[in-house]
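Presented below is the structure to which this report refers.
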2 protein chains.
Amino acid sequence: MKFEPVTIKDIGKALGLSTSTVSRALRGSYEISSETKKLVLEYAEKINYRPNPIALSLKERRNHSIGIIVCEIANNFFSQAINGIESIAYNRGYHVIFSQSHESYERESVIVDHLASRSVDGLLVSVSSETKDYTHFKQLYDKGLPIVFFDRIANEINTHKVIADNFKGAYDATEHLIQNGFKRIAHITSAPYLSISEERLEGYKEALRKNNIEFDDKLVQYCHHGGMIYDEVEEALKKIFKLKQKADALFTAGDRITTTCMQALQKLEKKIPDDIAVIGFTNTNLGELFNPPLSVVRQPAFEIGQVATELLISMIESKRPVTEFESKVLQTELIIRDSTAKIKTK
Amino acid sequence: MKFEPVTIKDIGKALGLSTSTVSRALRGSYEISSETKKLVLEYAEKINYRPNPIALSLKERRNHSIGIIVCEIANNFFSQAINGIESIAYNRGYHVIFSQSHESYERESVIVDHLASRSVDGLLVSVSSETKDYTHFKQLYDKGLPIVFFDRIANEINTHKVIADNFKGAYDATEHLIQNGFKRIAHITSAPYLSISEERLEGYKEALRKNNIEFDDKLVQYCHHGGMIYDEVEEALKKIFKLKQKADALFTAGDRITTTCMQALQKLEKKIPDDIAVIGFTNTNLGELFNPPLSVVRQPAFEIGQVATELLISMIESKRPVTEFESKVLQTELIIRDSTAKIKTK
DNA sequence: ATCGTTATCGGGAACGTTTGCGTAAAAATA
DNA sequence: TATTTTTACGCAAACGTTCCCGATAACGAT
């Protein structure tokens, strides 16, 4: 099927004018007589003329579109973030093109390359859990393609970054568990080299340290696929339950990990919080409906998306090369519910 | 910031060749000597040449991108559907551009126009709940822009459509409630003119009829914003609870409506299923974690996205105008849990 | 009558490709 | 050696715009 679009030439031909005159009339240039303008405008309206954005892009070397790369869209955090991204992009006249890495480094590289070969004015990325090497970003970035990282960032690339306060979020969650009397706190997280994993692990450790609880690395389990593979999560839980010194609480880092853990705990028939208390990073707004209602660390996903987009567009539209970069850190929210209820004094 | 991209001309200049030779060498044309080819290919590789997709689009009058319009992305059903869309689009070499109508007719019109002014080869749309008039789609469609509707469809436009079997899904859910002894079944749904609302309402009515239960329109409440506005949902529930002849069960149509109802029921301190049994259309995979675990009608969202995308791409790539259109209907899945447990015989 | 202004418009290059056509040199044939 | 064919490449148009330069006419000023 094809589209037979009307061009500026057609208008010119129909009206006996040159394309340049038509173009100028359409843009309301002062050097076109008002009669001609009116003529052109009316005719354009009549035949429903729309300028061809591709031709414009070619000329202006701009696309008015930004690319998003995330691991998966069917994820509370990311869909909320993308919502924020779209809200800003739409207002600023940018289209949003997105694709999913599915936590694969290979696929991420392909996408970046594909997207960035100038079909996009800038990139918003949250790296995949497999990504340890950032040269595919670095190359494009050095060539002048604006990139802003959010959530899972590439520390070694010097550009804008937007994250939640993962350290503090993790610290608060862990501290909350400790305050409620839990001492053997397990931690299930994503791939260890991910920025978010590291930051959350540090927050967790710091809370233990502040409360004189010894860190035990047997209590920390990594799910390299970020909770997308159920078995990986169940395995991690089983390892924790097999420990001689039993864990009494669980702090999960990551949206998918948290929800998958809840499913696994249900399958393993563990009672929350009696067998084990649970708190986790997640952006589902369904936590209050759980049995028991789930305590969560909530990230300002929508705002993260918004801020990242604003920074990216400012980079894109900046005349001079940008040299001052910001690392915005947005606060998380600790929502306490029954899944971390105090240990009953028996 | 700008991008100083290397073009085919640069290669030509550097190698003392014409642009046409370079172009042909790059595409491996037979009329270029193998030495020249090798020379060009190696140089292109060295300076990391990427063809400018915009220039290509202008020439081929194709973009290799498809547009998606949904009401919101932060919704289980739509994010799963978009996942399916992206999976197919990626494999077929298409970019995915998406935007949200936020259930606004006004915004939907603007987006369609914006997206469709040839910056996109085809459109995948699920209409907003405010949309009663489809001329904004019809216009573009008649001009030759391929459009495929999914989920919320425009019946009056003759093109491919992909939906879940809403009638049967609703029928099954209602029938299940009846089988479990419920007789006064309330129904909360979206805007009445939405195709999905109508189909689900019909399924609900049919199940009542088959079981000789009289239909009572006081038991049907419409939430025009599809559950996005909490108060609207709470209001609908309150109306239902105010009925003299009490409702004993609730069938909710729509992802957001279902989850928002659950929140409202919790706030109103209704016990499920004792005060009221609940089953609803929703694609959350967290239903089993609810208190009580929620019975649901699940749509094959991912597959719907996939099928719709395949149909759209086949339209885009068809040489001759397409005249035979399909309306694919995919089966829903009834998942029974405790929220619809049989009435206890007191 | 000549000149500089002003208003209004057209020609054509440019953005980066692809591709039909033309053509020189080299190779093959007569 | 003369002619034809093949090989290998360049020129230029085209896709739809914008915009720099001119160009033309009208008109008042000199």
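Lettering follows sequence order; numbering is per chain, from 1.
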Do His136(B) and Tyr105(B) have ring centroids that are under 6.0 Å from one another?
->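 So the answer is yes for these two rings.
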
Once you round to the nearest 0.5 Å, how far does [atom1] of [X] lie from [atom2] of [Y]?
| X | Y | atom1 | atom2 | result |
| --- | --- | --- | --- | --- |
| Ile157(B) | Phe325(B) | CD1 | CZ | 11.0 Å |
| Phe98(B) | Ile111(B) | CZ | CD1 | 10.0 Å |
| Ser109(B) | Gln139(B) | OG | CD | 10.0 Å |
| Phe137(A) | Asp113(A) | CZ | CG | 11.0 Å |
| Lys143(B) | Asn48(A) | NZ | CG | 4.5 Å |

Send over the distance from [X] [atom1] to [N] [atom2], rounded to a whole Å.
| X | N | atom1 | atom2 | answer |
| --- | --- | --- | --- | --- |
| Arg61(A) | dT18(D) | CZ | P | 17 Å |
| Tyr30(B) | dT7(D) | OH | P | 9 Å |
| Lys59(B) | dG16(D) | NZ | C1' | 12 Å |
| Ile8(A) | dC15(D) | CD1 | C1' | 14 Å |
| Ile54(B) | dT18(C) | CD1 | C1' | 17 Å |
| Leu39(A) | dT8(C) | CG | P | 15 Å |
| Glu60(A) | dT18(D) | CD | P | 8 Å |
| Asn52(B) | dC15(D) | CG | P | 18 Å |

Q. Less than 3.5 Å between a donor and an acceptor, one on the side chain of Arg50(A) and one on the base of dG16(D), is that the case here?
A.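 No.
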
Which one, [options], comes nearest to the side chain of [X]?
| X | options | result |
| --- | --- | --- |
| Arg27(B) | dC9(C), dC15(C), dT18(C) | dT18(C) |
| Ala55(A) | dT18(D), dG16(D), dC15(C) | dG16(D) |
| Arg24(B) | dC15(C), dT19(C), dT17(C) | dT19(C) |
| Ser33(A) | dC15(D), dT18(C), dT8(C) | dT8(C) |

Output yes when at least one side-chain N/O atom of [X] is less than 4.0 Å from OP1 or OP2 of [N], else no.
| X | N | answer |
| --- | --- | --- |
| Thr36(B) | dC9(D) | yes |
| Thr21(A) | dT8(C) | no |
| Lys9(A) | dC15(D) | yes |
| Tyr49(A) | dT17(D) | yes |

_Can you work out whether Leu58(B) or Glu31(B) has the more 5'-proximal nearest nucleotide on DNA chain C?_
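Result of the comparison: Leu58(B).
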
Regarding Lys132(B) and Glu108(B), does a basic nitrogen lie under 4.0 Å from an acidic carboxylate oxygen?
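No, this pair does not count.
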
Residues Arg92(B) and Glu86(B) bridged, charged N to O under 4.0 Å
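No.
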
Below 4.0 angstrom, which residues in residues 12-20 of chain A have at least one non-hydrogen atom near DNA chain C?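 Here the set is Gly16(A), Leu17(A), Ser18(A), Ser20(A).
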
